[in-house]
J.: 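Supplied in structure tokens, the structure appears directly below.
When a ligand or atom number is given, it counts from 1 through the structure's own listing order. Heavy atoms only: backbone and side chains are in, while hydrogens, waters and symmetry mates are out.
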Amino acid sequence: MIVKFWGVRGSIPTPGSDTARYGGNTVCVELNFTDIQRRIVIDAGSGLRLLGNDLLVEKTACGSLEADVFLTHTHLDHIIGLPFFAPIFQPETRLKIYGPVTCEDESLETVIGGQLSYRYFPVRQQELAAHIDYINLAEGCFDLGNNIRLTTKYLNHPLLCLGLRFEYNGKVCCTAYDTEPFQNLFVTDSRDPAFDAIMAHQGEAAAREENRRVADFFADADLLIHDAQYTQHEYDASRKGWGHSPMEYAIKAAMQSDVKRLALFHHDPMRTDAQLDELTKMLCDGRHMGDTAVFFAREGMQVEI
Ligand SMILES: [Zn+2]
Ligand SMILES: [Zn+2]
């Protein structure tokens, strides 16, 4: 399969000369299974607009367009491109949109449709010409047909967010964004009046178990696309609990799970190209990474696995 990065930025699109080389569009990744004419899109950030324009050229050649769109979660930077995805205005387009929902009284269709209302956009959801099926996704294993297997894993983010592991022909592409390491949620300082030794112990065990499950989820992936919004220093200083990972943690996690290639992804909107070049020199030289190749994802980059 060919993996193409259409958007690699987190939180908000960041156009401008400081971000032009790595790219300013928010997250969107395409998996193209060229031998079986299947296409999977992971997240609908602003990068989806560029993919849509590309697909329209293809549609002109073959007359129709089908794709499965997987949403890791519905934060704005992961769905903002959907209203600008040109194929949704074409009746020959058939889409399946999968995603997790947290409010049981609201369907995925309703959550996504929120931004397709006159208040925010000139076209309403019911006016879209494409045929779209909305499918709720939970943690589990799924057969997507054509021998494509999907495993999903809940990650650690303020909103329910799924990691996705696609397997096809013995090759594995795995995503983990947006997420941070699971932590003990209980007070661990015995001098704190709220400290409870049993709760602290149970919290520690629960975090360790969830991190172990994440490691299993990454195991032996050919490509892991992992949240790397912060440096370890930034994370430790003030960003714990914000739902994003330090780069150093992503590298360690990939190495421990024998991942072959790690794409550091969901770049902080404040991170310039020059800073990412500098971080590449510091973190991606391969000296301490065993067999794991590490790189910072760039918009437009393609990886064949
Ligand atoms: Zn995000
Ligand atoms: Zn998020």
Side-chain angles (χ1 to χ4, degrees), residues 3-15 19 22-31 40-51 69-85 97-103 106 108 111-112 114-115 120 136-139 152-165 173-183 210 214 217 224-231 234-235 238-247 249-250 253 262-272 275-276 296-299 301:
V3 181
K4 183 164 182 181
F5 295 91
W6 291 92
V8 298
R9 191 68 54 174
S11 305
I12 189 169
T14 55
T19 55
Y22 285 86
N25 277 302
T26 64
V27 292
C28 178
V29 173
E30 175 193 12
L31 308 186
I40 284 173
V41 180
I42 308 170
D43 278 341
S46 66
L48 183 71
R49 185 181 68 86
L50 305 175
L51 170 59
V69 179
F70 287 85
L71 302 175
T72 59
H73 63 310
T74 53
H75 274 163
L76 202 55
D77 52 325
H78 297 252
I79 61 169
I80 199 172
L82 200 64
F84 302 92
F85 183 53
I97 300 182
Y98 299 78
V101 287
T102 41
C103 308
E106 284 191 322
L108 181 64
V111 175
I112 296 301
Q115 59 176 348
Y120 303 114
N136 290 349
L137 207 53
E139 200 171 73
T152 58
K153 165 84 188 76
Y154 291 131
L155 302 175
N156 188 18
H157 198 55
L159 177 67
L160 193 66
C161 180
L162 283 171
L164 305 169
R165 179 184 170 105
C173 177
C174 199
T175 71
Y177 53 87
D178 303 358
T179 193
E180 67 180 296
F182 284 92
Q183 325 264 358
E210 278 307 304
V214 170
F217 179 71
L224 170 63
I225 304 170
H226 200 294
D227 191 318
Q229 183 140 346
Y230 305 130
T231 64
E234 290 165 345
Y235 182 76
S238 59
R239 291 167 172 81
K240 262 188 194 159
W242 290 19
H244 298 289
S245 290
M247 303 155 186
Y249 166 78
L262 168 67
L264 298 170
F265 186 73
H266 201 280
H267 308 320
D268 191 278
M270 299 294 284
R271 196 84 62 208
T272 64
Q275 289 170 341
L276 285 168
F296 283 87
R298 290 177 192 234
E299 198 172 306
M301 185 181 251

J.: Relative to the Zn ion (ligand 1), which of the N, O or S atoms in H78 is the closest?
T.: NE2

J.: Are the side chain of E180 and the backbone of G243 linked by a donor-acceptor contact shorter than 3.5 Å?
T.: yes

J.: For the pair H266 (side chain) and Q229 (backbone), establish whether a donor and an acceptor sit closer than 3.5 Å, ignoring hydrogens and angles.
T.: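 No, the answer is negative, given that no donor and acceptor are paired below the 3.5 Å cut-off.
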
J.: Over 60° means perpendicular and under 30° means parallel, so classify the ring planes of F265 and F5, tilted if in between.
T.: tilted

J.: Check all N, O or S atoms of H157 and name the one closest to the Zn ion (ligand 2).
T.: NE2

J.: Rounded to 10 degrees, what angle sits at the Zn ion (ligand 2) between H75 ND1 and H73 NE2?
T.: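 For ND1 of H75 and NE2 of H73, the angle centred on the Zn ion (ligand 2) reads 90°.
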
J.: On the 0 to 90° scale, with breaks at 30° and 60°, tag the F296-Y22 ring pair as parallel, tilted or perpendicular.
T.: perpendicular

J.: Only to 10 degrees, please: what angle do the OD2 atom of D178 and the OD2 atom of D77 make about the Zn ion (ligand 1)?
T.: 160°

J.: Quick one: closest heavy-atom pair of R271 and Y230, and the distance?
T.: NH2-CA, 3.7 Å

J.: Checking only N/O/S atoms, does H266 have one that is under 2.8 Å from the Zn ion (ligand 1)?
T.: yes

